[in-house]
> 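Got a structure for you, questions after.
In what follows, chains carry the letters A, B, and so on, assigned in the order in which the sequence lines appear, proteins first and then strands, with residues in each chain numbered from 1. Because the structure is a prediction, the values reported are computed rather than measured.
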Amino acid sequence: MGLATSLGLRALTLLGVLIAVLLMVVIALGATGLSDKMLGAIVNDQIRGLRQGLSQTIRDPDELERVLEAQKQQLAEFYGLDKPWYLRLPDTVRRVILLDLGSARSLRSFSGSSQVSDLVLERLPNTIMLVTTATIISTVIGLYAGVKLATKVGSKFDRALSYLSAASNALPTWWMGILLVIAFSFQLRIFPFSGMFGPSPAEALLPRTLDLLWHSILPIATLVAVSVGGWTYVVRTMVLNTAQEDFVTVARAKGLPERVVMSRHIVRVAALPILTNIILGLAGSLGGAILTETVFNWPGMGRLYYDAVIALDETVIIALTFMFTLIYVSARFILEGLYIALDPRVRY
Amino acid sequence: MTAVRSREATREFLATGSGKVGTVFFLALVAVSTYVLATYPLDFGVVLWNNPAVWADNPKLAPPAWVNSLSSIKKAEHNIMELRKPEATSTIPGQISLTYTFRFNFEADEPPSFTSFTVFNVTYHRTPVTLTATLTRPDGKKIEIYSFTVPAPRTGENLPVSRYFETPRRIFLSGEDRVVTAASDFLRREYSVSLPGSEILSKGVDRVLFGTPSKGGSFDILKGNYVFTVRTDTGDASDSIGSVKLVVGGRVYGLMGTDSLGRDLAVGLLFGFPVALFIGLSTSILATVLGTLLGIQSGYRGGKTDLTIQRGSDVLANMPLLPILIFLTFIVGQKLWIVMLVLVAFSWPGLAITVRSMVLQMRSGQLVEAAIAIGASPSRIMFRHILPQVAPFVFAQLIFFTPAAILTEAALSFLGLGDPSLPTWGQILELGFRNGAVYVGHWWWVLPPGFLVVFTALTFALLALGLEPLVNPRLRRMK
């Protein structure tokens, strides 16, 4: 199998995921009658606008009502409101993909727009920044500590870490965040407990970046704390498993220094399963971001999710579900492409 | 042979530190859950937890009672007293007075958070009953706090009349205008201090009732024995009163304190034990059974079955779980079974993929070959020969997956999407978080529920850690 075919197969699977999620969203919307409600709201919005415009030109109230009624019929036909929801499926799918879902009920973007797409796209970079930074930090720590530990199997330190990683597996993200807030924001008063910037954000680049760093330390620490233990443990186990292979024994028998055996023979081979685990951990960190942003009031898509649930804003929730799936699928595709590029066995 | 092996395995499992600790924790969880199931009604969430009437007499946002032992300021403990029989009866012509007397000791450094009294089921035969409440303080001074007459018969209503039968009459003394007036009069009469009613209300009526004015306009708490009497003047010997209840509201409450609705958090947290175990175990058992069966089928049958199952599990395993759960619970409804169903649907693929790869190895093994040779059917081979071999691994996965289900439910509850009919730790914590408990220091509202979630998840994580060397002999050899 060539590189292109492998990548193509992965792309097909991930496309299948995207379609499955879309179908689920659209069917849930249609079957619960929400889709009718949302389109009805869009039509009413437009009619209201029209009424204001027309009332200037048409003086007779009866005439006005008649024209508006006709307009409403036309709009309902245009949006497919006269058909049952399952006949509207393709149109609804298109709307979800383009985030063309009308306006949010009460949530507003920072610039004041109520368009769902503005709202979501504005928050997207904040979430991506948080997740990427945290993932990179915990990967680096996990790799370093895991390899170190594998050379000291059975030691007190190793056993302690096994327990710690089990513990961090049981540690919910939101709980970790709350503990950090209580400890560092309210007891020690070192770090701010919410938001991305201080009350009056600076305009200049340097102080603004510093302010952002200052505010992002606790959320990033939360995301790293809940994932780093597990990753260290995974790296350690993978390295240990590889260390028992015959070719490692051969390398040692040849008299290669331990450092070379570790870096060239063990870690290089163990890198692939480790990458697999990073891919699998992605879903976790995305979910973790939703919760972390909620705790720290980080203005990303996760916090928006929470706000939308509180405000019962269906359109925003639909858009976010789609966006999270899209991000997840794209990130996986990149990582798996990397995997295929790294591992010759997948190709041949 | 199997018995010996399983006994050996148990011993080896308990020999690991994590196995031992995990087992002890697990037994504790089971014990508490059994106790709760035996003593709580199953519809606890609807009839008790989410029913404000049940908690009306509790103080709101009170920390646990044991904080008193950590602090130099002693805060009042909650005190509920109920009397069914009057202590004394006195008769003057045309009027019979029943006196209900509550005696209590008050030794706290701060006044009670509130005082209230409640009358249940009053029946009168001739004239409406009048109730008068009086407080006698340790210094001997008396305050007539409140008095009221049960409403007269309405038109069309015949004597005898029963009142406060279904909904008792609760008088929240700390917020009553008449109590404020009584307190103001009392200050002027006894201490020649004149304070306007609004100022008394802002200082708290209980500060006046349970204190003596000192210099600088503040009040010193008067400690000692108080007597609270409710005199009921009735016009007929057969008139009756069901019971009278006095509540001296605490500033601390019970083992775990209360939330903003006055709910006893200890009660809610206890109920969370069986719910968490139920969510965790039933979801993981279902997911494991499904994953194992599909994995074996996929691996042994191969061909189209294999392809379908593998593609299906591939797609499911690639979906981001939390966003989809948020979407579904929001759109379809906040029902626990939906959450569990989705969790099962999304959790089996990982296991199915692993089991399949194990089965693929076994299929070409001698054991299966021999079974085929003596004419065993495919289903017999799968269940009698292959299943026992993957069973230990599957069991470890079951334990390993349990905390994931508990944590996911808690996360969803934390986002405000928990099932309201079934209180869980996550929901208690969410309400606390949404009410700003983290920011204003109501630690007893957010720390214990989170701790319990972690404790439960940790228990299963420890069990899984203890099982690992048994299931993965490769790791054992290394040590």
> Report, as yes or no, whether the 6.0 Å neighbourhood of atom CZ on B:F346 holds more than 12 heavy atoms from other residues, nucleotides or ligands.
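Counting neighbours around CZ of B:F346, more than 12 heavy atoms of other residues, nucleotides or ligands fall under 6.0 Å, so yes.
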
> Within a radius of less than 6.0 Å around CZ of A:F191, do more than 12 heavy atoms belonging to other residues, nucleotides or ligands occur?
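Enclosed.
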
> Measuring from A:L12:CG to B:D314:CG, what's the distance to the nearest 0.5 Å?
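Separation between the atoms: 11.0 Å.
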
> Hey, are the side chains of B:P323 and A:L320 touching, using non-hydrogen atoms and a 4.5 Å cut-off?
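No - every pair of side-chain heavy atoms lies 4.5 Å or more apart.
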
> By a 4.5 Å heavy-atom criterion (distance strictly below it), what part of A:F322 contacts chain B: side chain, backbone, both, or neither?
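Interface part for A:F322: neither.
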
> If I measure from the heavy atoms of chain A, does B:F414 come under 4.5 Å with its side chain, its backbone, both, or neither?
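For B:F414, heavy atoms of backbone and side chain both lie under 4.5 Å from chain A.
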
> Of the backbone (N, CA, C, O) and the side chain (C-beta and beyond), which part of B:L328 lies under 4.5 Å from a heavy atom of chain A, both, or neither?
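For B:L328, the contact with chain A is made by the side chain alone.
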
> Just give me the residue among B:L325, B:V454, B:T456 that pairs up with chain A most often, heavy atom to heavy atom, under 4.5 Å.
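So the answer, after comparing B:L325, B:V454, B:T456, is B:V454.
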
> Go through it in stages, so that I can follow the logic: the residues are A:F324 and B:L322, the test is side chain to side chain contact (heavy atoms under 4.5 Å, CB included), and I'd like the CA-CA distance, side-chain angles, deciding distance and then a yes or no.
CA-CA 9 Å; A:F324 268 108; B:L322 196 59; over 6 Å; no

> For B:I331, which atoms come within 4.5 Å of any heavy atom of chain A: side chain, backbone, both, or neither?
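Both parts, backbone and side chain.
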
> Are side-chain heavy atoms of A:I178 and B:V438 found at a separation under 4.5 Å?
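Yes, at least one pair of side-chain atoms sits under 4.5 Å.
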
> Relative to chain B, which of A:V295, A:T173, A:V181 shows the most heavy atom pairs under 4.5 Å?
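Among A:V295, A:T173, A:V181, the one with the most close pairs to chain B is A:V295.
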
> Taking side chain as everything from C-beta outward and backbone as N, CA, C, O, which of these in A:L14 sits under 4.5 Å from a heavy atom of chain B? Side chain, backbone, both or neither.
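Just the side chain, heavy atoms under 4.5 Å.
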
> For residues B:I326 and A:Y306, determine if any side-chain heavy atom of one lies less than 4.5 Å from a side-chain heavy atom of the other.
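B:I326 vs A:Y306: side chains apart.
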
> If you count heavy-atom pairs within less than 4.5 Å of chain B, which of A:P172, A:S194, A:G16 leads?
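The candidate making the most pairs under 4.5 Å is A:P172.
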
> Between B:G416, B:P403, B:A410, B:G441, which residue shows the highest count of heavy-atom pairs closer than 4.5 Å to chain A?
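The residue among B:G416, B:P403, B:A410, B:G441 with the greatest pair count is B:A410.
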
> Using a cut-off of 6.0 Å, state whether more than 12 heavy atoms not belonging to A:F186 lie near its atom CZ.
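Yes, because the 6.0 Å sphere around CZ of A:F186 holds more than 12 heavy atoms from other groups.
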
> What part of B:E430 lies closer than 4.5 angstrom to a heavy atom of chain A: side chain, backbone, both or neither?
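The answer is the side chain of B:E430.
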
> Starting at CZ of B:F433, measure out to CH2 of A:W174 and round the result to the nearest 0.5 Å.
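B:F433 atom CZ to A:W174 atom CH2 measures 11.0 Å (nearest 0.5 Å).
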
> For B:F278, does the CZ atom have more than 12 heavy-atom neighbours from other residues, nucleotides or ligands under 6.0 Å away?
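Counting neighbours around CZ of B:F278, 12 or fewer heavy atoms of other residues, nucleotides or ligands fall under 6.0 Å, so no.
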
> Pick one of side chain, backbone, both or neither for B:Y439, based on which atoms fall under 4.5 Å of a heavy atom in chain A.
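Both the backbone and the side chain of B:Y439 come within 4.5 Å of chain A.
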
> Please determine whether side chain to side chain contact (heavy atoms under 4.5 Å, CB included) holds for the pair B:L321 and A:Y328, giving the CA-CA distance in whole Å, both sets of side-chain angles, and the decisive distance to 0.1 Å.
CA-CA 10 Å; B:L321 180 58; A:Y328 178 69; over 6 Å; no

> Quick one: what part of A:I310 sits under 4.5 Å from any heavy atom of chain B, side chain, backbone, both or neither?
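Answer is side chain: those atoms of A:I310 sit under 4.5 Å from chain B.
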
> In Å, rounded to the nearest 0.5 Å, how long is the span from OG1 of A:T13 to CZ of B:R311?
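Those atoms lie 5.0 Å apart.
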
> Does any backbone or side-chain atom of B:L447 lie under 4.5 Å from a heavy atom of chain A? Answer side chain, backbone, both or neither.
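Both parts, heavy atoms under 4.5 Å.
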
> Name the region of B:L429, side chain, backbone, both or neither, that has any atom closer than 4.5 Å to a heavy atom of chain A.
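The side chain, not the backbone.
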
> What part of B:F327 lies closer than 4.5 angstrom to a heavy atom of chain A: side chain, backbone, both or neither?
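Both the backbone and the side chain of B:F327 come within 4.5 Å of chain A.
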
